[in-house]
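First comes the structure, then the notes that go with it.
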Amino acid sequence: MRTPKSDKDRVLIFDTTLRDGEQSPGATMTHEEKLEVAELLDEMGVDIIEAGFPIASQGDFEAVHEIAKRTKRAVVCGLSRAGQADIDRAAEAIKPAKRGRIHTFISTSPVHMKWKLQLEPEKVYEMVVASVTRARNYTDDVEWSPEDGTRTEHDFLCRCVEAAINAGATTINIPDTVGYTVPEEYYALFKMVRERVPNSDKARFSVHCHDDLGMAVANSLAGIRAGARQIECAVNGIGERAGNASLEEVVMAMKVRNDALPFSTGIDTSKLMRVSKLVSAVTSFPVQYNKAIVGRNAFAHESGIHQDGMLKHTQTYEIMQPEDVGVKETSLVMGKHSGRHAFVHKLEELGYKLSGNQLEDAFARFKALADRKKHVYDEDIEALVDEEIATAQDRIKLVSLTVIAGTRGPQRATMRLDIEGRFVTEEAEGNGPVDATFNAIKALVPHEAALELFQVHAVTEGTDAQAEVSVRLSESGKTVTAKGADPDTLVESGKTVTAKGADPDTLVAAAKAYLGALNRLMVKRLRTKPEAMVAP
Ligand code: KIV
Ligand code: ZN
C-alpha cells in the first residue's frame with residue numbers, strides 16, 4: 001500500500017456544474033440557485049468553481065460576477081472562446097474574485113478545425129497564442145483547453161500545448177469533449193504530452209471527460225495516474241449529452257481506493273449528499289436510484305444474504321460508511337406540534353440556511369404538511385424546502401386547484417393562478433385528471449411547449465406520502481404571453497426545461513411541476529444563448 005499526501009499528489013477539484021453542467025438540456029438554474037450551489041461548493045472545499053460562460057448571455061455574466069464577489073476560498077473561473085471579446089468579457093466577470101481564472105479554449109482536432117471553425121491549423125495555432133496572451137494581461141491564472149483534445153493529432157496537440165504554456169497558461173486541460181477515449185488511451189495521451197512538450201513542467205495538467213461511453217470517471221482517474229493534477233467534474237455527473245465525470249465518484253474513488261489511487265483532494269465528503277440533493281433540486285434532474293455514492297439505493301441492502309452479512313459486520317457488503325458521504329438514517333422528524341425553533345434546527349441539520357420570507361414560507365408549508373400527514377420525515381422536509389428554493393422567484397404561482405375525477409368523466413379541473421400579482425381562474429376538461437389540470441394551465445398560460453416527461457414518485461413510504469412530480473417541457477421557437485402578465489412575461493422558446501413539484505396530492509404536485517417548468521422557460525428567455533455560443 002502506498003501512502004500519498006505530498007503536495008504533488010494533491011488533485012485539484014475543478015467543478016463545472018454551473019457551466020458544463022448547466023449546459024445539459026433542461027438543466028436551467030436561476031441566478032439565486034447558482035449562487036446557492038456556488039456557496040456550497042466553496043464550503044465543501046472545491047478548489048475551482050467554473051461559474052459560467054460570461055459572453056454567452058447577460059445572465060451568465062451576472063452569475064459569474066456575483067459568484068466572484070461572494071466566493072471566499074475557491075478560485076472563480078469564467079469560460080471563454082479564443083476571441084478578444086470573449087476573453088474581455090470573462091475578465092470583467094471574474095474581476096471581483098479574490099482569485100480569478102480565465103479558461104480559454106479552441107478546437108484543435110482535424111474534424112473541428114475543418115467543419116466547425118473552418119480554419120487552417122496555422123490560424124488556430126496563432127489564436128492559441130493570442131488568446132492566452134490576452135488572458136494573461138488580466139490574470140496570472142489562465143487555463144487553456146484544446147477542444148476535442150482526444151481526437152487531435154499528437155504533433156499538433158504538443159505544438160499548441162507548448163505555445164500555450166509559453167504564452168502564460170498555468171493549467172493545460174485536455175478534454176475528451178465527445179466522450180470517445182478509453183482509460184489506457186487517455187493515460188498514454190497525458191504521458192506522451194508531458195514527456196514530449198519541453199516546458200510541460202511549467203503547467204498543471206487537467207482532465208475533462210464526458211460520459212458518452214460511460215467511462216468519464218475511469219478516464220479521469222487514468223489521466224490522474226498519468227500525472228494530471230486537476231479533475232474537471234460536475235455534481236451528479238450532469239453536463240452536455242451524457243454528462244461530465246461525476247464529482248462525488250472521482251472524489252470517493254480516490255478516498256476509498258487510496259491504496260490504488262494515492263491522491264488527495266480538499267473535499268469535505270460529508271457534504272456530498274447535500275450538494276447532490278441541492279443540484280438535483282435546482283436542476284430538477286432526478287438522481288437515478290442506483291447512482292454510485294449519492295443514489296437512493298447506494299447504501300440499501302435488499303437481499304436476505306446481504307442483510308444477514310451486514311448485521312454480522314458492515315464491511316461484508318459496504319466499502320464506505322454512509323456517513324462519509326453525508327447519508328443519514330431516515331428519521332422521523334416532527335409533527336404538527338413542532339415549533340419554529342425545532343424546524344430551524346432540523347433545517348440546519350439537513351444543511352439548509354433559510355432566512356426571512358423563505359424561512360417563514362417554508363415553516364408555514366411545513367405546518368400545513370404536518371396537519372395533513374401523520375409522520376413527517378427528513379425527506380419530506382427536503383422536498384418541501386427544495387421546492388421553496390426552486391420557486392422563490394417564480395412569476396406564475398398556483399393559488400388553488402379543484403379537480404373532479406373518477407369513473408364518470410369527463411374529468412374537470414378548476415385552477416386559480418397568481419401571475420405577477422394578477423389573479424386569474426379557468427376551468428378545463430380533460431382525458432383524466434392530469435390532462436384536465438394541464439389543460440387548465442394551458443388555458444391560463446397559452447404556450448406551444450410539448451410535454452416530454454411526466455414522472456411521479458413517492459417521497460417516502462405510505463399512502464399519505466408526498467408525491468414528487470417531474471415535468472419536462474420543450475419548446476421550439478414560439479413566443480407566448482401568460483394571461484394577465486406584462487409583456488416581460490413572454491415565454492420565449494427553443495429550449496428544454498425540467499421542474500419538480502411536491503405535495504401529498506399528486507395533482508397539486510403535477511400542477512406545481514408544470515408551472516415550475518413554465519417559470520423556467522421564462523428564465524431561459526432572459527438568458528437566451530445563441531446556439532453557436534454554447535461550448536461542449
Ligand atoms: O468538453 C469540452 O471540450 C469543454 C471545453 C470547453 C473544455 O467543455
Ligand atoms: Zn465539456
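In each ligand, atom 1 is the first atom listed, and ligand 1 is the first ligand listed. Since this is a predicted model, take the numbers as computed values, not measurements. Sequence positions, counted from 1, serve as the residue numbers for this chain.
- Judged purely by distance below 3.5 Å, without hydrogens or angles, the side chains of Thr108 and Thr152 pair a donor atom with an acceptor atom.
- Residue Arg19 holds the heavy atom nearest to atom 6 (C) of ligand 1 of all those in His208, Arg19, Glu147.
- At a 4.0 Å cut-off, not a single heavy atom of Glu240 sits close enough to ligand 1 to count as contact.
- Nearest N, O or S atom of Asp20 to the Zn ion (ligand 2): atom OD2.
- Geometrically, Arg225 does not engage Phe263 in a cation-pi contact, judged by NZ or CZ lying under 6.0 Å from the ring centre and within 45° of the ring axis.
- Residue-level check: among N/O/S atoms of His210, NE2 sits closest to the Zn ion (ligand 2).
- On a distance-only criterion, Thr177 and ligand 1 share at least one N/O pair closer than 3.5 Å.
- Below 30°, between 30° and 60°, or above 60°: for Tyr514 and His447 the angle between ring planes is between 30° and 60°, a tilted geometry.
- Atom numbering of ligand 1 starts at 1 in the shown order; those under 4.0 Å from a heavy atom of Pro175 are 2 (C), 3 (O).
- In the vicinity of His210, heavy-atom distances shorter than 4.0 Å reach the ligand 1 atoms 1 (O).
- In summary, the side chains of Asp86 and Ser80 do not present any donor paired with an acceptor at a separation below 3.5 Å, with no hydrogens or angles considered.
- Remark: ligand 1 and His103 share no N or O pair separated by less than 3.5 Å (distance only, no angle test).
- Checking Asn236 against Ser276 by side-chain atom types alone, a donor-acceptor pair falls below 3.5 Å.
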Practice item. Using the side-chain hydrogen bond (donor to acceptor under 3.5 Å, both in side chains) rule, take Thr269 and Asp324 through it: C-alpha gap first, then chi angles, then the decisive distance, then the call. Key: CA-CA 6 Å; Thr269 61; Asp324 293 347; 5.9 Å; no
